[in-house]
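Step one of this worksheet: look at the structure below.
Small disclaimer: the values here were computed from a predicted structure and weren't measured.
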Amino acid sequence: MPEGRILIVEDDVELATRLRDYFQARGYEVRAVGSGREALILSRTWVPEIIIQDIRLPDMDGFEVARRLAESPRTSSVGIFFLTQLGDRESKLQGL
(Lines give C-alpha, C1' and ligand atoms only; values in the text may rest on other atoms or scores of the structure.)
Protein backbone atom coordinates (compact mmCIF):
# COMPACT_ATOMS: atom_id res chain seq x y z
CA MET A 1 0.00 0.00 0.00
CA PRO A 2 1.44 3.43 -0.96
CA GLU A 3 2.38 6.04 1.64
CA GLY A 4 -0.01 8.51 0.00
CA ARG A 5 -0.81 10.23 -3.26
CA ILE A 6 1.17 13.13 -4.69
CA LEU A 7 0.34 15.10 -7.81
CA ILE A 8 3.16 17.05 -9.43
CA VAL A 9 2.12 19.92 -11.71
CA GLU A 10 5.25 21.04 -13.52
CA ASP A 11 5.88 21.88 -17.18
CA ASP A 12 9.64 21.27 -16.88
CA VAL A 13 9.73 17.58 -17.78
CA GLU A 14 13.16 16.96 -16.26
CA LEU A 15 12.21 18.47 -12.91
CA ALA A 16 8.85 16.66 -12.87
CA THR A 17 10.62 13.37 -13.58
CA ARG A 18 13.13 13.93 -10.77
CA LEU A 19 10.40 14.77 -8.28
CA ARG A 20 8.29 11.80 -9.37
CA ASP A 21 11.23 9.40 -9.07
CA TYR A 22 12.19 10.80 -5.66
CA PHE A 23 8.74 10.35 -4.14
CA GLN A 24 8.05 7.01 -5.81
CA ALA A 25 11.30 5.66 -4.36
CA ARG A 26 9.93 6.58 -0.94
CA GLY A 27 6.71 4.65 -1.45
CA TYR A 28 4.30 7.31 -2.68
CA GLU A 29 1.87 6.92 -5.54
CA VAL A 30 2.81 9.81 -7.84
CA ARG A 31 1.32 11.28 -10.98
CA ALA A 32 2.79 14.19 -12.92
CA VAL A 33 1.12 16.54 -15.37
CA GLY A 34 2.44 19.53 -17.31
CA SER A 35 -0.44 22.01 -17.12
CA GLY A 36 -3.09 23.39 -14.81
CA ARG A 37 -5.87 22.06 -17.03
CA GLU A 38 -4.46 18.54 -16.82
CA ALA A 39 -4.24 18.84 -13.02
CA LEU A 40 -7.89 19.90 -12.76
CA ILE A 41 -9.06 17.10 -15.05
CA LEU A 42 -7.03 14.41 -13.26
CA SER A 43 -8.17 15.55 -9.81
CA ARG A 44 -11.78 14.80 -10.76
CA THR A 45 -11.05 11.07 -10.68
CA TRP A 46 -7.75 10.74 -8.76
CA VAL A 47 -7.57 12.90 -5.64
CA PRO A 48 -4.08 13.36 -4.17
CA GLU A 49 -3.28 14.19 -0.57
CA ILE A 50 -0.64 16.69 -1.68
CA ILE A 51 -0.01 18.71 -4.82
CA ILE A 52 3.42 20.09 -5.63
CA GLN A 53 3.01 22.65 -8.37
CA ASP A 54 4.75 25.35 -10.27
CA ILE A 55 3.19 28.81 -10.31
CA ARG A 56 4.18 29.54 -13.90
CA LEU A 57 2.34 27.02 -16.06
CA PRO A 58 1.73 27.21 -19.80
CA ASP A 59 -2.06 27.55 -19.61
CA MET A 60 -2.89 29.20 -16.27
CA ASP A 61 -0.96 30.20 -13.21
CA GLY A 62 -0.69 27.95 -10.19
CA PHE A 63 -2.73 30.37 -8.08
CA GLU A 64 -5.70 29.86 -10.41
CA VAL A 65 -5.28 26.07 -10.22
CA ALA A 66 -5.26 26.28 -6.41
CA ARG A 67 -8.34 28.52 -6.40
CA ARG A 68 -10.30 26.09 -8.59
CA LEU A 69 -9.23 23.11 -6.50
CA ALA A 70 -10.32 24.92 -3.32
CA GLU A 71 -13.78 25.55 -4.84
CA SER A 72 -14.45 21.84 -5.29
CA PRO A 73 -15.63 19.85 -2.26
CA ARG A 74 -13.68 16.89 -3.64
CA THR A 75 -10.32 18.69 -3.60
CA SER A 76 -10.78 21.54 -1.12
CA SER A 77 -8.72 19.83 1.60
CA VAL A 78 -5.77 18.87 -0.62
CA GLY A 79 -2.50 20.40 0.58
CA ILE A 80 -0.70 22.47 -2.04
CA PHE A 81 3.00 23.32 -2.12
CA PHE A 82 4.12 25.93 -4.63
CA LEU A 83 7.39 25.28 -6.39
CA THR A 84 8.63 28.46 -8.02
CA GLN A 85 11.46 30.83 -8.66
CA LEU A 86 9.24 33.80 -7.86
CA GLY A 87 10.53 35.48 -4.73
CA ASP A 88 8.67 38.75 -4.57
CA ARG A 89 6.52 39.56 -1.56
CA GLU A 90 3.28 39.79 -3.58
CA SER A 91 3.70 36.25 -4.97
CA LYS A 92 4.47 34.87 -1.50
CA LEU A 93 1.37 36.50 -0.01
CA GLN A 94 -0.81 35.35 -2.89
CA GLY A 95 0.42 31.79 -2.35
CA LEU A 96 -0.64 31.90 1.27
Side-chain angles (χ1 to χ4, degrees):
M1 176 162 247
E3 290 289 326
R5 292 177 163 189
I6 298 174
L7 173 59
I8 298 167
V9 186
E10 173 59 62
D11 60 329
D12 180 328
V13 176
E14 184 180 333
L15 178 56
T17 300
R18 280 196 235 154
L19 288 168
R20 186 194 66 223
D21 293 349
Y22 176 84
F23 288 111
Q24 281 180 338
R26 281 144 185 84
Y28 292 91
E29 181 180 354
V30 182
R31 303 228 179 140
V33 296
S35 72
R37 182 176 183 277
E38 290 175 297
L40 295 171
I41 291 169
L42 178 60
S43 67
R44 290 181 194 150
T45 57
W46 188 84
V47 180
E49 278 94 19
I50 295 173
I51 297 174
I52 301 171
Q53 73 172 23
D54 193 358
I55 291 177
R56 292 182 177 173
L57 296 167
D59 57 347
M60 67 180 79
D61 69 33
F63 300 126
E64 178 65 18
V65 176
R67 186 186 64 72
R68 291 186 189 187
L69 290 168
E71 289 175 348
S72 170
R74 203 172 155 79
T75 54
S76 63
S77 64
V78 174
I80 298 175
F81 292 91
F82 289 113
L83 182 66
T84 185
Q85 293 179 353
L86 297 176
D88 62 281
R89 187 176 198 283
E90 182 179 329
S91 294
K92 289 177 184 179
L93 290 173
Q94 189 174 5
L96 292 173

Q.
With heavy-atom distances below 4.5 Å as the criterion, would you say the side chains of Ile52 and Ile50 are in contact?
A.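 Yes - at least one pair of side-chain heavy atoms lies under 4.5 Å apart.
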Spacing of [atom1] belonging to [X] relative to [atom2] belonging to [Y], to within rounding of 0.5 Å:
X	Y	atom1	atom2	result
Leu7	Glu29	CG	CD	11.0 Å
Arg20	Glu10	CZ	CD	13.0 Å
Phe63	Arg56	CZ	CZ	10.0 Å
Leu15	Leu83	CG	CG	5.5 Å
Leu19	Glu14	CG	CD	11.0 Å
Ile6	Ile8	CD1	CD1	6.5 Å

Main-chain N/O of [Y] paired with [X] side-chain donor or acceptor, under 3.5 Å:
X	Y	result
Glu3	Tyr28	no
Ser76	Ala70	no
Asp54	Leu57	no
Ser43	Leu40	yes
Asp59	Gly36	yes

**Q.** Electrostatic pair Glu49-Arg5, nearest N-O below 4.0 angstrom
**A.** no
Q. Should Arg68 and Glu71 count as an ion pair when the cut-off is N to O under 4.0 Å?
A. no
Q.
When you group the ILVMFWY residues by side-chain heavy-atom contacts below 4.5 Å and let the links chain together, are Val65 and Trp46 in the same group?
A.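 Hydrophobic grouping puts Trp46 with Val65.
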**Q.** Atom CZ of Arg37: over 12 foreign heavy atoms under 6.0 Å
**A.** no
**Q.** Chi angles and distances behind the side-chain contact (heavy atoms from CB on, under 4.5 Å) call for Val78, Leu69
**A.** CA-CA 8 Å; Val78 174; Leu69 290 168; 5.8 Å; no
Q: Grab the two heavy atoms, one from Ala66 and one from Phe82, that are nearest each other, plus how far apart they are.
A: CB-CZ, 4.0 Å
**Q.** Arg26 to Tyr22, cation-pi by 6.0 Å centre distance and 45° axis angle
**A.** yes
Q: Check the pair Glu38 / Ser35 against side chain to side chain donor-acceptor pair (under 3.5 Å), numbers first and verdict last.
A: CA-CA 5 Å; Glu38 290 175 297; Ser35 72; 3.1 Å; yes
